[in-house]
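In what follows, chains carry the letters A, B, and so on, assigned in the order in which the sequence lines appear, proteins first and then strands, with residues in each chain numbered from 1.
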Amino acid sequence: MRDIYQELHWRGLIYQSTDDAALPGWLAEKPRTLYVGFDPTAESLHVGHLVALMVLRRFQQAGHRPIALVGGATGMIGDPSGRSEERNLLSVETLRANVVAIEGQLRRFLDFDCGPRSALLVNNYDWMGQFGYLDFLRDVGKHFPINVMLAKDSVKSRLERPDGGMSYTEFSYMLLQAYDFVYLYDHYGCELQVGGSDQWGNITAGIDLARRLRSVQLFGMTCPLLTKADGTKMGKTEAGAIWLSPTRTSPYQFYQYWINVADEDVGGCLRFFTDLDAGQVTRLLDEHRADPGQRIAQRRLATELTRLVHGDEGLAAAQRATEIFFGAEIRHWRDDQLLAVFADVPSRELPRGRLDDSGLALVDALFEAGLAKTKSEARRTISQGGAYVNNRRVDDVDARLGPEHLASQSVMVLRAGKKRYALLRFVP
RNA sequence: GGGGGGUUUCCCGAGCGGUCAAAGGGGUCAGACUGUAAAUCUGAUGGCACUGCCUUCGCAGGUUCGAAUCCUGCACCCCCCA
């Protein structure tokens, strides 16, 4: 059994714990069972969830038993933690679909078949679903002093807002999560809960409840929020969150996100998100500093993470796409290869006939493909040297395109500027 | 209720009878440089059938050969006095 505490510590993954002094020894003593909860607020987890997920994974690798909890019940309520406004409730059907999707994603990170430390996947709806309201108030609610609840950051910060306020429903959230912890202790001997730093209040609520109901001392630990050097959140782009689901964030986009991580942030990311050990990370960063242009560290980060999240095929597709997006002329491809690589790129179908006779004006092609909002803009792009057909620059404003410009049987790859791509598919 | 100021192209903001598709800045787009970074530099930036034509300067009319610019009415905004 590896020293998980030491491991998490050097990786910078411990933000707060309920007992810094006792925890290392307690973990070293014997395999423990711990859990992390994920509420099904969307059909996919995103990079923000990745930190806790990786922690869970590391615990398992170190010989402990992880439980991934999907919040089928808590997701119905909505966690107020870290939120400035009341959540909208999700429909039951949406939740059910989200639970299934998220369970599938969790399976990639944990080993569910490795003997006593095999991971468990649980859904708190299974025990909360039939818990009667009166019973819950008597058995659980009775142990929550309102004054303590009101003092929690998640509640206090909301109530202090001028436009603030919070429904009774959200206020009750912490009771549910607290009870989860007790339930998992009862049924699986789970004694440690891990979560993001915004989960501290909910975690300690569970520890308090366990002390009152079972007279046991459970443990809690939170992970830091990984922020970028520029102060913004890691895992967000202007376009939104980076998701783990390939349908929401393609493997290529996912890979690119990590390739583009700033130099200042790449070390932290390697520690947080990869299994590389301290020596490997140090060596990689040294290498990177020697020749930053190579982006050695970012490449490694992107490779490791994309493989973990999207598998070998996903990684291969992302790398293939990367070569092409930043590579030379595209010709002699097959439709299916091209469409796979450019899966993220907007495409438009046009009748094959447009290529006949005098062909299709490049101006019109850029316009039809959506790379220019007007034909004037298309003309401008071309005359300024920003238009490319199959990655080959065309600067003749009057250029016309014929069948010889197809990159594959029916596809033409257009580009405006450095990286705005669009496909035109010529169909009968 | 009385007096004054304003409404300009994606945004801010100049223009106050022709040389105005309208200065300047921001943003955006392209190019160069570069590490698929940051910064910087250059160019472009109403539309189209693009050496020309059409549409824009709160809205509707009017004066004039000609209006974003002058006049009338309307709408909205701001300030001062009551």
Practice problem: Mind listing the closest non-hydrogen atom pair of A:Leu355 and A:Pro403 along with its distance? | Solution: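 Where A:Leu355 meets A:Pro403 most closely, the heavy atoms are O-CD, 3.5 Å.
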Self-check item: Where A:Gly201 and A:Lys152 come nearest, the two heavy atoms and their spacing
Solution: O-NZ, 3.0 Å
Give me the distance, rounded to whole Å, that separates [N] from [M] when you measure between the [atom1] atoms they each carry.
N: B:rG61; M: B:rC78; atom1: P; result: 28 Å
N: B:rU72; M: B:rU64; atom1: P; result: 16 Å
N: B:rU69; M: B:rC33; atom1: P; result: 47 Å
N: B:rC70; M: B:rC81; atom1: C1'; result: 30 Å
N: B:rC29; M: B:rG35; atom1: C1'; result: 23 Å
N: B:rG5; M: B:rG73; atom1: P; result: 15 Å
N: B:rC16; M: B:rG66; atom1: C1'; result: 16 Å
N: B:rU7; M: B:rC54; atom1: P; result: 28 Å

Practice problem: Please tell me if the side chains of A:Thr222 and A:Ser17 come closer than 4.5 Å, counting only heavy atoms from C-beta onward. | Solution: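 In short, these two side chains do not touch, never coming nearer than 4.5 Å.
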Quiz item: Hey, is OH on A:Tyr5 packed in by over 12 heavy atoms from elsewhere, all under 6.0 Å?
Solution: yes
Practice problem: Evaluate whether atom CZ of A:Phe109 has more than 12 neighbouring non-hydrogen atoms of other residues, nucleotides or ligands under 6.0 angstrom away. | Solution: yes
Rounding to a whole Å, what distance do you find between [X]:[atom1] and [N]:[atom2]?
X: A:Asn260; N: B:rA37; atom1: CG; atom2: P; value: 7 Å
X: A:Arg379; N: B:rA44; atom1: CZ; atom2: C1'; value: 14 Å
X: A:Asp395; N: B:rG43; atom1: CG; atom2: C1'; value: 15 Å
X: A:His288; N: B:rG35; atom1: NE2; atom2: P; value: 12 Å
X: A:Asp291; N: B:rG35; atom1: CG; atom2: C1'; value: 9 Å
X: A:Asp396; N: B:rC50; atom1: CG; atom2: C1'; value: 15 Å
X: A:Lys373; N: B:rC48; atom1: NZ; atom2: P; value: 12 Å
X: A:Tyr257; N: B:rA37; atom1: OH; atom2: P; value: 15 Å

Reckon [X] touches a base, only the sugar-phosphate, or nothing at all at heavy-atom distances under 4.0 Å?
X: A:Gln298; result: base
X: A:Gly293; result: base
X: A:Thr374; result: sugar-phosphate
X: A:Arg420; result: sugar-phosphate
X: A:Asp263; result: base

Complementary nucleotide of [N], counting Watson-Crick and G-U pairs under 3.5 Å:
N: B:rA75; result: B:rU7
N: B:rA39; result: none
N: B:rA44; result: B:rU28
N: B:rU19; result: none
N: B:rA67; result: none
N: B:rA14; result: none

Would you say [X] reaches [N]'s phosphate, i.e. side-chain N/O to OP1/OP2 under 4.0 Å?
X: A:Thr381; N: B:rA30; answer: no
X: A:Lys375; N: B:rA49; answer: yes
X: A:Tyr421; N: B:rU36; answer: no

Practice problem: Hey, could you give me each pair passing salt bridge (Lys or Arg N to Asp or Glu O under 4.0 Å) that has a residue in residues 53-73 of chain A? Not counting sequence neighbours. | Solution: A:Arg57-A:Asp275, A:Arg58-A:Asp275
Quiz item: Please, which pairs that meet side-chain hydrogen bond (donor to acceptor under 3.5 Å, both in side chains) have at least one residue in residues 87-98 of chain A, sequence neighbours excluded?
Solution: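 Counting only pairs at least two positions apart or across chains, the side-chain hydrogen bond (donor to acceptor under 3.5 Å, both in side chains) contacts touching residues 87-98 of chain A are A:Ser91-A:Thr94.
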Quiz item: For residues 357-371 of chain A, which residues have at least one heavy atom under 4.0 Å from RNA chain B?
Solution: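 Residues of residues 357-371 of chain A that come under 4.0 Å of RNA chain B do not exist, since none gets that close.
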Self-check item: Residues in contact with RNA chain B, drawn from residues 300-321 of chain A - heavy-atom cutoff 4.0 Å
Solution: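 Within residues 300-321 of chain A, no residue comes under 4.0 Å of RNA chain B.
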Taking atom types as they are modelled, would you say the side chain of [X] forms a donor-acceptor pair with the base of [N] within the 3.5 Å cutoff?
X: A:Gln256; N: B:rU36; result: yes
X: A:Arg380; N: B:rC29; result: no
X: A:Gln384; N: B:rG43; result: yes

Exercise. Could you list the residues that satisfy ring-ring contact (aromatic ring centres under 6.0 Å, His included) with A:His288, not counting sequence neighbours?
Key: none
Quiz item: Is there a ring pair (Phe, Tyr, Trp, His ring centres under 6.0 Å) between A:Tyr35 and A:Tyr188 once you walk through the steps?
Solution: CA-CA 10 Å; A:Tyr35 99 94; A:Tyr188 303 104; over 10 Å; no
Taking the side chain of [X] as heavy atoms from C-beta outward, which of [options] is closest to it?
X: A:Lys419; options: B:rA37, B:rC48, B:rG35; answer: B:rA37
X: A:Pro292; options: B:rG35, B:rA37, B:rC50; answer: B:rG35
X: A:Arg393; options: B:rG47, B:rU36, B:rG31; answer: B:rG31

Could you pull out every donor-acceptor pair under 3.5 Å between side chains of residues 110-117 of chain A and any protein atom, sequence neighbours left out?
residue, atom, partner, partner atom, Å
A:Asp111, OD1, A:Asp113, N, 2.9
A:Arg117, NH1, A:Gln60, O, 2.8

Practice problem: Tell me which of A:Tyr255 and A:Gly386 sits closer to the 5' end of RNA chain B, going by the nucleotide each one is nearest to. | Solution: A:Gly386
Exercise. Find which nucleotide of RNA chain B each of A:Ala387 and A:Ile259 is nearest to by heavy atoms, and output the residue with the more 5' nucleotide.
Key: A:Ala387
Self-check item: Pair A:Phe181-A:Cys190, side chain to side chain contact (heavy atoms under 4.5 Å, CB included): steps then yes or no
Solution: CA-CA 8 Å; A:Phe181 201 176; A:Cys190 177; 4.1 Å; yes
Practice problem: Verify whether one side chain among A:Gln177 and A:Gln199 offers a donor that lies under 3.5 Å from an acceptor in the other. | Solution: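 Judged by distance alone, the side chains do pair up.
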Practice problem: Taking atom types as modelled, find out whether A:Gln298 and A:Asp263 have a side-chain donor-acceptor pair closer than 3.5 angstrom. | Solution: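 Looking only at side-chain atoms, A:Asp263 and A:Gln298 do form a donor-acceptor pair, the distance falling under 3.5 Å.
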